[in-house]
2 protein chains.
Amino acid sequence: MSRISLFIVDDHQIIIDGLKGLFGPLEDFIICGEANDIESATNGILNLKPDIALVDIRMPNGTEGLKLLQWVVKNKLDTKVVLLSMHHDVRLIQDAKNWGAKGYLLKNTGKDELFHALRFIVDGGVYFYEAKEEKQQQEVVFTPKELEVIRLIVDGYSSSEISQKLSISDETVKVHRRNIRNKTGTTNTVELINKLVELGFPY
Amino acid sequence: MSRISLFIVDDHQIIIDGLKGLFGPLEDFIICGEANDIESATNGILNLKPDIALVDIRMPNGTEGLKLLQWVVKNKLDTKVVLLSMHHDVRLIQDAKNWGAKGYLLKNTGKDELFHALRFIVDGGVYFYEAKEEKQQQEVVFTPKELEVIRLIVDGYSSSEISQKLSISDETVKVHRRNIRNKTGTTNTVELINKLVELGFPY
DNA sequence: AAAAAGATACCCATAAGTGGGTATATATAA
DNA sequence: TTATATATACCCACTTATGGGTATCTTTTT
């Protein structure tokens, strides 16, 4: 099997150089190109057809890394996009997944984990960073009434509809919803649903 | 293996008698009890511990079948609840699933399908009626912009947040959302998300 | 060239959701 | 017995969503 070709996109040259140093000694990787901005990146990726594009998700004008990802997806290129970020941003990760990114890694990821992730992705896997603390501190416990409300929320019922089904005031339903949001650390219904899925909620 | 014990709950005695006639000739089923209302049903189920409770979902006071289901679930009984209904009601089916029902069958289901479903459920399966017409008439096609909006909706972004990300007016985002709802036949965001899942939307 | 589809952006009105507060009653746990 | 948790229901203010309309512009199709 030939070497895994990487294309690096980052507006900080220091990051690119650092990655070069990391991958240099490795036999099974080769950095085939680099770019500091979207335009250069699109050209480079079109011409070099790398196996993987390692893209900084945050560049000068907002989350341009996502735009590059979208460009790759829209043009149906074979290059797998792996995003690099400084922070663990749940929404950005979700965005990346939705757009078909193959990975999301923190810039302070250890080099061994980085190598492992990229090899895994080339083999057809996906590799998304998930904060481990969250998984542990998550022990959301709902009250029986909250569970009844949740089961109706996820079906798409409004608060007034729920209040009728449960024979309580819609104001009370709102209180339950507020408490449920607070317990789950979410701010709207869609986030709540995503959180419930994440929690493996059996609905 | 012993016979499968059934408990039938329906406010129409004619239905109960009809089911008795259906199951009478079968060797592997036995109707161990029946009830015309919730109170009798709870008593009967507690005492007889049937394998399956066949429950009419609509009884005089609204969807009492669901209440009986909830009672069974809350009391952690081993009896599997299968709901019978006259109509294909997506929301009721969803409710039933959320509450842990093992099946949802139409009253005009053929007897062979009914037997098959119950045996399947006793073996640990679930059996929910799904209108087949819908699956075929569903060929929802989204425009590229609508897809971008959808990908952000399912992450929990508001219209104004989406408008910023896409660099368009929030009024335009609202139009896209309206068109998306109309295309999918949904009336709010949660219903939309459920529909997208149903459509196997890759997000 | 004319029609259709897509994207844009505004108008209106109403419904629903969100975030905060207080308050009461009941049951359960310390 | 005194807290604590749960459920109930209201208050307020603000934001967001929903359902309908019209309109313009561009691109694609007929």
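These numbers come from the heavy atoms of this one structure, side chains and all, not from hydrogens, waters or symmetry mates. The sequence lines fix the lettering, A, B, ..., with proteins before strands; numbering per chain opens at 1.
Looking at heavy atoms from C-beta onward, A:Leu118 lies in side-chain contact with A:Val82 at the 4.5 angstrom threshold. Contact annotation: the side chain of A:Asp56 never approaches that of A:Glu64 to less than 4.5 Å [non-hydrogen atoms, C-beta and beyond]. Inter-residue side-chain proximity for A:Leu84 and A:Ile57 is flagged as unmet; no heavy-atom pair is nearer than 4.5 Å. The shortest distance between side-chain heavy atoms of B:Leu54 and B:Val9 does not fall below 4.5 Å.
Atom CD1 in A:Ile162 sits about 11 Å away from atom P in C:dA16, given to the nearest Å. Summarising the geometry, the separation between CD on A:Glu191 and P on D:dT15 is reported as 18 Å, rounded to the nearest angstrom. When the C1' atom of D:dA17 is taken as reference, atom CD1 of B:Ile153 falls 11 Å away, rounded to whole Å. Rounded to whole angstrom, the span from the CD atom of B:Glu146 across to the C1' atom of C:dA7 amounts to 10 Å. Following rounding to the nearest Å, B:Gln164 (CD) and D:dT16 (C1') show an atom-to-atom distance of 14 Å. The separation between A:Asn188 atom CG and D:dA17 atom C1' is 11 Å, rounded to whole Å.
Atom name P, nucleotides C:dG20 and D:dT8: the rounded distance is 22 Å, in whole Å.
Stretches of at least 3 consecutive Watson-Crick or G-U wobble pairs, with each checked distance under 3.5 Å, appear in DNA chain C as C:1-7 with D:24-30, C:9-22 with D:9-22, C:24-28 with D:3-7.
Neither side chain, A:Thr189 nor A:Arg181, offers a donor N or O lying under 3.5 Å from an acceptor on the other.
Across the interface with DNA chain C, nearest-nucleotide mapping of A:Val190 and B:Lys145 shows B:Lys145 to be the residue nearer the 5′ end.
Listed for the B:Thr79 side chain is a donor-acceptor partner under 3.5 Å among the backbone atoms of B:Pro50.
For the segment residues 169-185 of chain A, the set of residues with a heavy atom within less than 4.0 Å of an atom of DNA chain D comprises A:Ser169, A:Glu171, A:Thr172, A:Val175, A:His176, in numerical order.
Residue A:Asp37 holds its CG atom at 10.0 Å from CG of A:Leu68, rounded to the nearest 0.5 Å.
Between B:Ser159 and the phosphate of D:dA17, there is a side-chain N or O to OP1/OP2 separation shorter than 4.0 Å.
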